[in-house]
Amino acid sequence: MDYKDLANLIFPDAKEISYYEEKYPERNLPEGAIVTRFAPSPTGFVHIGGLYQALVARTVAKKTGGVFFLRVEDTDQKREVENGITGIVNSLKDFDMAPDEGMISETEEIGNYGPYKQSLRKDIYQAYAKYLLEQGKAYPCFCTPEELEETRKKQEIAKLRTGYYGVWAKCRNLSVEEMAEKIKNGENYVIRFKSPGREDRKIKHKDIIKGNVDFPENDLDIIIIKADGLPTYHFAHAVDDHLMRTTHVIRSDEWLSSVPLHLQLFQELGFKAPKYAHISPIMKNDNGGKRKLSKRKDPEAAVDYYKKEGIPAEAVKEYLLNIANSSFENWRKANPDKEIEEFDFQLNKMSVSGALFDMIKLLDIGKTVISKMTAEEVYEKSLDWAKQYDEELAEMLKAKEYALKVFGIERGNKKPRKDISKWADVKQNIEYMYDDKFYGKTQDYPYQVISEKENISKILKLYIEKYYDEKDDKQTWFDKIKALSVEMGYAVEVKEFKANPGKYKAHVGDVSTVLRVALTSRTNTPDMYEIMKVLGKDRVVKRLEKQIEANS
RNA sequence: GGCCCCGUGGUCAAGCGGUUAAGACACCGCCCUUUCACGGCGGAGUCAUGGGUUCGAUUCCCGUCGGGGUCACCA
């Protein structure tokens with residue numbers, strides 16, 4: 001009995017690895033093309049950190065004419081969640097980041113390097129495990145969880161490194177006959193990798209992001225195939241990224257310390273190792289301390305949160321890209337209208353330490369992103385959002401022509417307004433342009449400097465009777481407000497008012513405020529001239545008259 | 001605890017032996033022929049700490065402290 005016989009005993013039906021090597025040949029891509037993947041587990045919603053990794057991975061692949069694929073790592077069936085894959089696929093779609101290859105629904109996939117769902121690749125892993133077994137580079141281990149726990153305790157008491165290595169690796173030195181015997185007796189077992197490493201030797205790793213990192217070699221005989229026949233992450237990573245011809249593994253930096261193991265696995269399997277880029281996680285401030293954004297505690301950790309809040313996907317991507325490469329910001333300033341894809345993203349420029357998540361900055365980017373949209377785009381997107389999350393708004397937006405006019409106010413100028421940072425802001429921003437909302441609310445009107453009732457109604461009355469003409473152009477319209485100010489005895493210029501503070505009680509801006517408040521019930525709105533145009537004469541007069549009445 | 005990573009203003013960060021230590025968000029002030037917003041100008045605010053090395057350290061080395069990761073039949 002030798003290793004070969006043992007391998008046959010364990011995996012009698014596994015194919016030769018040459019079969020898979022031929023089935024998944026090197027990719028025929030242009031020089032320098034980078035192949036990356038996003039490889040989440042279907043264990044719940046997509047985390048913002050996951051989206052971040054996916055964005056980075058996709059960006060470098062796109063930039064180099066490579067491939068970005070989605071592989072689902074569902075080797076832990078206990079943690080699996082219903083419709084987990086759908087959630088992942090949809091989240092990527094929401095951010096316009098659909099993969100070139102991989103899963104596209106719960107059961108379907110595209111691409112020639114699949115299956116892209118690990119639970120469907122059992123045969124492949126077993127073929128490679130068999131390959132290692134044949135060479136004596138792997139062995140079955142019969143230790144029970146209880147035994148493992150016991151050795152761990154012993155190690156702890158003796159203040160030794162915990163784990164399955166050296167003298168603690170009991171099954172490592174079983175004879176082939178003993179192993180075969182136990183298997184035939186029906187004992188449960190897993191397959192372990194027989195590590196050739198030594199803890200007292202160093203291994204050098206050059207990470208694209210972290211730079212040079214030296215570790216002790218791995219000497220742990222880690223499990224590669226679990227009792228259920230499925231591989232562990234480490235083994236699946238080596239086999240899959242080799243067969244799928246991944247060139248760059250971009251993943252969260254919690255994997256950094258597994259690099260010695262992974263490199264060893266690639267080596268012993270006879271694979272060429274990919275390049276690694278370990279991304280620092282996105283953090284959050286927690287009572288003065290930093291911690292990773294947590295799925296349980298932080299709603300903003302879930303990518304769906306941004307969708308619900310109506311923060312444009314584009315803004316989230318820009319924000320993330322900004323964390324990834326801070327030069328993005330300057331590039332964006334210089335190229336306000338270019339597509340994100342045109343930015344020359346540099347993997348090696350990514351920060352080595354984790355960034356604190358900054359919602360305020362994100363919302364600021366949201367404002368800029370939305371300010372650049374046309375009225376039509378704003379309309380479509382806020383309607384899409386409203387249909388899902390705000391019925392009332394959806395109802396308001398039914399009258400498309402009118403909504404377009406409202407969204408068109410001060411839009412498209414060289415200096416567009418930036419007052420909407422997310423779709424959830426839209427309603428309160430346009431509410432007063434809708435009569436049922438405007439009249440439906442009882443509220444104290446925030447008149448400011450000019451607050452005496454008689455003056456207010458006098459201004460409004462005068463304006464309607466003497467000055468207001470719907471056909472005026474903007475200059476005439478404003479000249480009339482000035483004339484009204486003069487007639488009321490207020491300063492016609494703010495400058496003049498400031499120069500002679502004792503001389504006037506108020507100025508033209510205060511008169512405008514009275515009109516604005518009467519017309520919209522608020523003190524800050526976009527350009528009043530445009531608002532009045534959109535409202536139209538009848539509605540303007542009606543609103544003003546109502547205030548005259550209220551102030552008489 | 002072992003191993004590994006990190007530490008520039010409130011936040012994201014450029015800089016990598018000699019700089020008035022960029023820029024962005026936030027904050028404050030001023031300006032911009034109506035408010036708000038935008039925009040412009042200006043302001044406050046930073047190299048964790050102690051030792052080296054050096055003519056000179058934010059930049060290099062070591063220690064300390066602080067933060068993070070990892071040590072599963074989870075990924």
Side-chain angles (χ1 to χ4, degrees), chain A residues 39-41 43 73-76 78-79 118 141 143-145 148-149 152 156 159-164 188-192 199 205 207 210-211 213-216 220 222-228 230-234 236-237 251-260 278 280-281 283 285 288-292 319 322-323 325-330 332-333 349 351-365 367-368 371 410 413-419 448 475 478 481-482 485 492-495 507-513 515-517 522-529:
Chain A
S41 298
T43 53
E73 311 223 322
D74 61 340
T75 55
D76 184 7
K78 297 180 291 293
R79 298 201 311 156
Q118 290 183 329
C141 167
C143 293
T144 63
L148 260 19
E149 176 63 15
R152 201 183 59 101
E156 273 173 6
K159 299 208 155 130
L160 292 169
R161 219 157 31 93
T162 56
Y164 207 80
N188 282 330
Y189 63 93
V190 298
I191 308 294
R192 284 186 186 271
E199 216 245 346
H205 163 62
D207 194 87
K210 304 280 181 185
V213 189
D214 293 359
F215 297 94
L220 262 26
I222 57 109
I223 293 170
I224 56 176
I225 302 285
K226 300 183 279 188
D228 61 6
L230 254 17
T232 54
Y233 172 86
H234 310 290
H237 155 52
R251 73 219 315 188
S252 157
D253 75 356
E254 69 199 52
W255 292 111
L256 185 62
S257 54
S258 304
V259 164
H278 288 93
S280 311
M283 318 287 280
N285 216 321
K290 262 186 177 184
R291 53 149 237 259
K292 267 207 228 182
Y319 173 66
N322 197 233
I323 290 183
N325 267 191
S326 62
S327 58
F328 176 80
E329 212 159 39
N330 288 331
R332 174 48 90 208
K333 204 172 177 182
K349 289 277 173 61
S351 170
V352 282
S353 52
L356 239 34
F357 185 80
D358 187 350
M359 183 62 84
I360 294 174
K361 177 113 183 178
L362 205 207
L363 292 178
D364 179 73
I365 294 174
K367 279 184 192 170
T368 306
S371 77
E410 279 192 73
N413 316 334
K414 52 272 142 224
K415 291 179 183 178
R417 287 186 72 76
K418 291 188 180 178
D419 46 9
Q448 299 188 325
Q475 190 56 54
F478 188 54
I481 292 179
K482 285 183 173 176
S485 303
V492 75
E493 301 259 341
V494 181
K495 268 184 193 160
H507 58 75
V508 62
D510 299 313
V511 173
S512 296
T513 300
L515 278 171
R516 182 185 310 273
V517 169
R522 56 179 72 188
T523 53
N524 63 324
T525 71
D527 183 66
M528 243 207 313
Y529 176 74

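Taking atom P in both B/C6 and B/C61, the straight-line distance is 11 Å, to the nearest Å. Going from the P atom of B/C60 to that of B/G15 covers 13 Å, rounded to whole Å. Rounded to whole Å, the separation between the P atoms of B/C25 and B/G42 comes to 15 Å. Nucleotides B/G9 and B/C31 place their C1' atoms 26 Å apart, quoted to the nearest Å. Taking atom P in both B/U19 and B/G56, one finds a spacing of 14 Å when rounded to whole Å. The P atoms of B/G29 and B/A37 are separated by 12 Å, rounded to the nearest whole Å. Taking atom C1' on both nucleotides, B/U8 is separated from B/C41 by 26 Å, rounded to a whole Å. Across B/U46 and B/G51, the matching C1' atoms stand 23 Å from one another, rounded to whole Å.
Candidate nucleotides B/C5, B/U11, B/U34 were compared by shortest atom distance to the side chain of A/Leu356, and B/U11 ranks first. In this structure, the nucleotide among B/C12, B/A37, B/G69 sitting nearest to the side chain of A/Arg417 is B/A37. Checking B/U35, B/C73, B/C12 against the side-chain heavy atoms of A/Ala227 singles out B/C73 as nearest. Among the nucleotides B/A75, B/U34, B/A22, the one closest to any side-chain atom of A/Asp527 is B/U34. Candidate nucleotides B/A14, B/A75, B/C36 were compared by shortest atom distance to the side chain of A/Ser326, and B/A14 ranks first. Relative to the side chain of A/Ile360, the nucleotides B/C25, B/C73, B/G23 differ in distance, and B/C25 lies closest. You'll find that the side chain of A/Leu256 is closest to B/C5, out of B/C5, B/U34, B/C12.
Looking at heavy-atom distances under 4.0 Å, A/Asp214 makes contact with sugar-phosphate atoms alone, never a base. Note on A/Phe357: nothing from the nucleic acid sits closer than 4.0 angstrom, heavy atoms only. Within 4.0 Å (heavy atoms only), A/Gln118 reaches no atom of the nucleic acid at all. The residue A/Ser512 sits close to a base: some heavy atom pair falls under 4.0 Å. Among the heavy atoms of the strands lying under 4.0 Å from A/Tyr233 is at least one base atom, whether or not backbone atoms are also near. In this structure, A/Pro416 reaches the sugar-phosphate backbone alone: every heavy-atom distance under 4.0 Å involves primed, P, OP1 or OP2 atoms, never a base. No engagement by A/Ile481 is indicated, since no non-hydrogen atom pair under 4.0 Å with the nucleic acid exists. Across all strands, A/Ala355 comes closer than 4.0 Å only to sugar-phosphate atoms, never to a base (heavy-atom distances). When heavy atoms are screened at a 4.0 angstrom cut-off, A/Ser41 is found touching the sugar-phosphate backbone but no base atom. Backbone-only engagement by A/Thr162 is indicated by non-hydrogen atom pairs under 4.0 Å involving sugar-phosphate atoms exclusively. Counting any heavy atom pair closer than 4.0 Å across all strands shown, A/Val352 reaches sugar-phosphate atoms only and no base atom. As judged by a 4.0 angstrom heavy-atom cut-off over every strand, A/Arg161 is placed among residues making no nucleic acid contact.
For A/Glu73 against A/Ser41, the heavy-atom pair with the smallest separation is O-OG, 3.2 Å. Nearest heavy-atom pair, A/Thr75 versus A/Leu230, reported as atom, atom and distance to 0.1 Å: O-CD2, 3.9 Å. Taking all atoms of both residues into account, the shortest heavy-atom contact from A/Pro526 to A/Asp419 is CG-OD2, 4.4 Å. For the pair A/Ser258 and A/His234, the tightest heavy-atom approach, listed with the atom from each and the gap, is OG-CE1, 3.9 Å.
Summarising the local packing, CG of A/Asp228 is surrounded by more than 12 heavy atoms from other residues, nucleotides or ligands at distances under 6.0 Å.
Using a 4.0 Å cut-off, some side-chain N or O of A/Lys418 falls inside it from OP1 or OP2 of B/G39. Remark: A/Lys226 is not in phosphate contact with B/A72, judged by side-chain N or O atoms under 4.0 Å from OP1 or OP2. When the side-chain nitrogen and oxygen atoms of A/Lys333 are compared with OP1 and OP2 of B/A24, one or more of them lie within a distance under 4.0 Å. Taking side-chain N and O atoms only, A/Thr75 has a distance below 4.0 Å to OP1 or OP2 of B/A75. The side chain of A/Ser351 places an N or O atom within less than 4.0 Å of a non-bridging phosphate oxygen (OP1 or OP2) of B/A13. Between A/Lys78 and the phosphate of B/A75, there is no side-chain N or O to OP1/OP2 separation shorter than 4.0 Å.
The CG-P distance, from A/Leu363 to B/U11, rounds to 19 Å in whole Å. A/Asn322 places its CG atom 7 Å from the C1' atom of B/C12, with the value rounded to the nearest Å. If you take CZ of A/Arg516 and P of B/A37, they are 11 Å apart, rounded to a whole angstrom. Whole-Å rounding puts the A/Arg332 CZ to B/A14 P distance at 20 Å. A/Tyr319 places its OH atom 17 Å from the P atom of B/A24, with the value rounded to the nearest Å. In this structure, CD of A/Glu254 is placed 17 Å from P of B/C6, rounded to the nearest angstrom. If you take NZ of A/Lys292 and P of B/G67, they are 17 Å apart, rounded to a whole angstrom. Rounded to an integer number of Å, the gap from CD of A/Glu149 to P of B/C73 is 10 Å.
Side-chain contact between A/Lys361 and A/Asn322 is present, with at least one heavy-atom pair separated by less than 4.5 Å.
Looking only at atom types and distance, the side chain of A/Lys210 has a donor-acceptor partner in the side chain of A/Ser280 under 3.5 Å away.
Panel note: side chain A/Thr232, backbone A/Ile223; a donor-acceptor pair is recorded below 3.5 Å. No donor-acceptor distance shorter than 3.5 angstrom exists from the side chain of A/Asp207 to the backbone of A/Leu256, with no hydrogens or angles considered.
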Dot-bracket for RNA chain B, please. Rules: Watson-Crick or G-U, both distances under 3.5 Å, ( ) within the strand, [ ] when a pair crosses earlier ones, | for another strand, . otherwise. ((((((((.[[[..)..(....]]].(((((.......)))))....[[[[[..)....]]]]])))))))....

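Judged by distance alone, with hydrogens and angles left aside, A/Lys361 brings a side-chain donor or acceptor within reach of the base of B/A24, the pair sitting under 3.5 Å.
In this structure, the separation between CD1 on A/Ile191 and SG on A/Cys141 is 9.5 Å, given to the nearest 0.5 Å.
Closest-nucleotide positions on RNA chain B for A/Glu199 and A/Pro231 were compared, and the one nearer the 5' end corresponds to A/Glu199. Each of A/Val508 and A/Ser258 was assigned the nucleotide of RNA chain B with the nearest heavy atom; the assignment lying further toward the 5' end belongs to A/Val508.
Below 30°, between 30° and 60°, or above 60°: for A/Tyr233 and A/Trp255 the angle between ring planes is below 30°, a parallel geometry.
Ion pairing between a basic and an acidic side chain is recognised when a charged N comes within 4.0 Å of a carboxylate O; A/Arg152 and A/Glu156 show such pairing.
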